[in-house]
Amino acid sequence: MQTNLSSGKTRRLPAATADAADTRRRSLSAMIAHKRRCRDAGTPDSATISSMIDAFLAAGGAITACPPAYVLPVQNGAGRQG
């Protein structure tokens with residue numbers, strides 16, 4: 001990969017740097033495309049949400065209930081004596 005310098009010259013980047021830059025560019029492109037698709041899709045209505053839930057359950061998905069965070073033990077040492 002080549003990059004343009006402010007002096008108008010180009011320099012060749014090391015392979016690892018070029019690969020990292022290419023990976024970041026592809027990741028950013030994918031994120032921007034995903035954000036655009038989500039924005040264009042708009043907010044789903046209740047019928048769409050119901051059909052998505054039905055498809056999830058039909059595919060073997062299961063609904064789990066996790067306990068609220070406040071029932072978990074706190075391991076920060078508060079309340080300990082000396």
Side-chain angles (χ1 to χ4, degrees):
M1 178 178 209
Q2 293 182 355
T3 184
N4 291 326
L5 301 175
S6 59
S7 62
K9 297 179 182 178
T10 59
R11 74 176 166 132
R12 188 124 178 101
L13 296 175
T17 304
D19 289 345
D22 191 45
T23 300
R24 279 192 304 276
R25 182 187 55 75
R26 283 195 314 267
S27 295
L28 284 172
S29 296
M31 285 187 273
I32 291 168
H34 175 74
K35 193 170 184 176
R36 188 174 294 130
R37 285 191 307 271
C38 290
R39 185 184 60 231
D40 292 345
T43 305
D45 59 356
S46 59
T48 304
I49 294 170
S50 294
S51 66
M52 291 169 74
I53 292 171
D54 292 340
F56 171 74
L57 295 173
I63 298 172
T64 58
C66 299
Y70 63 83
V71 301
L72 298 175
V74 177
Q75 304 282 330
N76 64 3
R80 292 190 182 173
Q81 300 295 326

Could you tell me whether Arg36 atom CZ has more than 12 heavy atoms of other residues or ligands within 6.0 Å of it? no
Would you say Ser51 and Asp54 are linked by a side-chain donor-acceptor pair, where the criterion is simply a distance under 3.5 Å? no
Between Arg37 and Asp40, is any pair of side-chain heavy atoms under 4.5 Å apart? no
So CG of Leu28 and OG1 of Thr23: to nearest 0.5 Å the spacing works out to 11.0 Å
Looking at NZ of Lys35 and CE of Met31, how far apart are the two atoms once the value is rounded to the nearest 0.5 Å? 10.5 Å
Mind checking the CD1-OG1 spacing from Ile49 to Thr43? Nearest 0.5 Å is all I need. 9.0 Å
About how many Å separate CG of Leu57 and CD1 of Ile63, when rounded to the nearest 0.5 Å? 5.0 Å
Side-chain donor or acceptor of Thr48 paired with backbone N/O of Pro44 under 3.5 Å: no
